[in-house]
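Have a look at the structure below, then the notes.
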Amino acid sequence: MAASSVCLASGAAGAWAQPAAPTAPSEAQPTRADAVQGAKEAAARSLREAYATGQVKDVMAGTLTSANEVSLDRLPIRSAASGFRASVESSNSAILTAKGLPASTGNVLQVRLANPRARTALAGGVQPLIAAEPSDRQATSLTAHRPDGTEVKLGATAPADVPVLIVGTDGDRIVAAGTKVMSDGFKAAWPQAGTSSSGGLSTLKPKSAARAASRTAPVPRPTGHKAPAARTSGTGTAPGNDTAGKAGAAQGKNVTRINNVQLHKSNEEPFWKGGAEAFAVVSGWDKNDKAFAEPALQLPYLDWTGVDYHPNQNLIDWGHFGYDSADLVFLEEDDGTNYKDLTKAIVDALLTVTGYGTTGIPLANTIMDAIPDKWWTDDTDELDQVYSVSHGAIAKAQNSGAPGLTYFGASGGSNISIGLSNAFIPQT
């Protein structure tokens with residue numbers, strides 16, 4: 001997908017840019033990614049014009065010499081730059097609308113110093129290059145501008161001595177708001193997912209042979225991948241027996257936690273692309289033998305490939321499940337993602353599936369098939385899927401002295417490995 005087919009309004013410095021309505025031939029309708037890209041381009045132009053008139057020059061140097069990024073609405077610029085603030089507000093509103101996020105999300109536009117090695121040059125008064133982050137993250141070049149409007153083409157490697165200011169979106173804030181939109185939608189579709197559970201496991205049904213044959217848990221370790229050593233922290237691991245479900249036992253939740261997780265796909269990323277903004281969707285079968293999705297889960301730490309993260313984050317609440325099997329889908333924020341429509345697509349797809357064992361297609365695949373290809377502009381947006389996570393299998397491993405089980409993603413080459421352990425969270 002092209003980075004953008006949006007035409008931006010032009011004008012002299014000081015003529016604050018507003019997001020222009022996307023234009024495209026009748027046979028090529030503008031996409032949500034185009035709308036987001038247009039808003040980022042407008043904000044970048046406004047920042048360049050404010051820099052050219054001296055209204056943010058000292059502010060940018062002072063702010064970005066102590067931090068790599070700053071929200072555009074928090075720049076302590078001069079009052080004369082009210083046009084800049086209005087432009088940022090307009091661009092931000094356009095992005096929230098395109099992504100199906102409420103106004104309460106706040107500002108999601110930010111500027112970051114893409115090449116921190118040039119921080120000294122920025123502080124020393126070197127004129128920066130200013131650009132909008134491309135929506136097409138597979139782009140191999142970037143068009144930037146000097147404050148005077150001169151266009152400069154940049155390759156995938158950052159210049160060493162010229163600061164590059166990238167106007168983009170705050171992925172963490174967007175994913176936090178987006179997963180809330182998704183979770184609210186899932187809770188409305190499946191109210192049991194939003195209620196507290198007794199934590200009992202006595203009603204969990206084992207995986208049937210027919211279903212287990214179509215999926216393997218854990219997925220065999222791919223060649224060349226070193227399994228990260230699982231590490232637990234916090235207190236308590238779930239016992240092999242269902243102590244929480246017995247009469248007189250402590251009340252609480254039986255959960256599966258992420259001990260450690262790592263992304264493996266190694267791509268040569270251009271310097272302007274930041275870390276992944278990841279989130280997860282957990283699906284399974286409830287006690288009425290119907291497919292459902294748990295509240296979506298933000299993974300704000302999962303940024304870079306080759307880093308072994310140890311979040312100790314709760315992933316699955318087994319009190320909502322009728323079968324001892326859960327599928328995981330890991331996704332990355334993308335400019336073309338509308339979280340309202342994404343929620344509806346997942347809900348509509350899962351509501352059509354009933355009866356565990358009636359189909360050999362994993363729920364993770366059902367979820368991915370429900371998402372139109374046109375929503376994604378970056379191949380890595382679908383990070384990976386993990387099939388048939390089993391509380392019983394993890395408990396068996398823990399009872400034999402292991403810290404848990406490591407599962408690997410099902411994509412070609414496996415992009416993710418995730419170490420999981422069980423824990424019981426007592427009710428206080």
Side-chain angles (χ1 to χ4, degrees), residues 2-4 6 8 10-17 36-78 81 83-84 87-88 91 108-171 267-276 303-304 335 378:
S4 176
V6 178
L8 297 177
S10 61
W16 304 100
V36 173
Q37 182 66 22
K40 290 190 294 186
E41 292 279 3
R45 180 177 178 84
S46 295
L47 179 63
R48 176 175 64 79
E49 292 169 349
Y51 205 100
T53 56
Q55 295 177 20
V56 298
K57 178 179 178 181
D58 295 336
V59 168
M60 292 302 301
T63 302
L64 292 178
T65 53
S66 58
N68 284 340
E69 58 195 28
V70 61
S71 295
L72 284 185
D73 68 334
R74 294 185 177 274
L75 285 175
I77 60 177
R78 302 174 185 175
F84 171 74
S87 175
V88 170
S91 294
V108 296
L109 279 164
Q110 64 181 15
V111 58
R112 71 176 185 270
L113 181 61
N115 48 345
R117 292 181 302 169
R119 183 175 280 116
T120 301
L122 182 65
V126 174
Q127 293 284 295
L129 299 174
I130 300 174
E133 182 180 42
S135 290
D136 179 8
R137 298 192 214 169
Q138 298 300 314
T140 57
S141 64
L142 179 70
T143 300
H145 293 85
R146 296 189 178 96
D148 64 4
T150 305
E151 184 177 294
V152 178
K153 291 287 187 181
L154 299 175
T157 303
D161 54 355
V162 179
V164 181
L165 305 183
I166 301 293
V167 173
T169 53
D170 184 341
N267 295 324
E268 291 297 326
E269 303 285 13
F271 75 93
W272 57 81
K273 183 173 180 179
D303 288 333
W304 309 107
D335 277 356
D378 186 345

Distance-only, no hydrogens or angles: does the [X] side chain make a donor-acceptor pair with backbone N or O of [Y] under 3.5 Å?
| X | Y | answer |
| --- | --- | --- |
| K40 | E133 | yes |
| Q37 | S135 | yes |
| D170 | Q110 | no |
| S87 | G83 | no |

Heavy-atom closest contact ([X] atom, [Y] atom, distance):
| X | Y | answer |
| --- | --- | --- |
| A121 | D161 | CB-O, 3.5 Å |
| A43 | L109 | CB-CD1, 4.0 Å |
| P147 | A52 | O-CB, 3.3 Å |
| A114 | P116 | O-CD, 3.5 Å |

Inset, instruction - Take V162 and L129 through the test side chain to side chain contact (heavy atoms under 4.5 Å, CB included) and record every step on the way to the result. - result: CA-CA 7 Å; V162 179; L129 299 174; 3.8 Å; yes

Quick check for you: to the nearest 0.5 Å, what is the distance between [X] atom [atom1] and [Y] atom [atom2]?
| X | Y | atom1 | atom2 | value |
| --- | --- | --- | --- | --- |
| R48 | T53 | CZ | OG1 | 11.0 Å |
| T63 | L113 | OG1 | CG | 11.5 Å |
| W272 | I166 | CH2 | CD1 | 8.0 Å |

Legend entry - Under-4.0 Å salt bridge between R45 and E49: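 Judged by the 4.0 Å cut-off on N to carboxylate O distance, R45 and E49 do form a salt bridge.
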
Inset, instruction - Run the numbers on L47 and L75 for side chain to side chain contact (heavy atoms under 4.5 Å, CB included), then give the verdict. - result: CA-CA 11 Å; L47 179 63; L75 285 175; 4.2 Å; yes

Legend entry - Any S46 side-chain heavy atom under 4.5 Å of V88 side chain: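 Side chain of S46 against side chain of V88, heavy atoms only: no contact under 4.5 Å found.
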
Inset, instruction - Please tell me if the side chains of D335 and T169 come closer than 4.5 Å, counting only heavy atoms from C-beta onward. - result: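 D335 reaches T169 side chain to side chain.
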
Residues in side chain to side chain donor-acceptor pair (under 3.5 Å) with [X], at least two apart?
| X | answer |
| --- | --- |
| S71 | none |
| T140 | none |
| D73 | N107 |

Inset, instruction - Under the side chain to side chain contact (heavy atoms under 4.5 Å, CB included) rule, what do T157 and F271 come out as? Steps first, then yes or no, please. - result: CA-CA 6 Å; T157 303; F271 75 93; 5.8 Å; no

Legend entry - Criterion side chain to side chain contact (heavy atoms under 4.5 Å, CB included) on Q127 and D148, from CA distance to verdict: CA-CA 10 Å; Q127 293 284 295; D148 64 4; over 6 Å; no

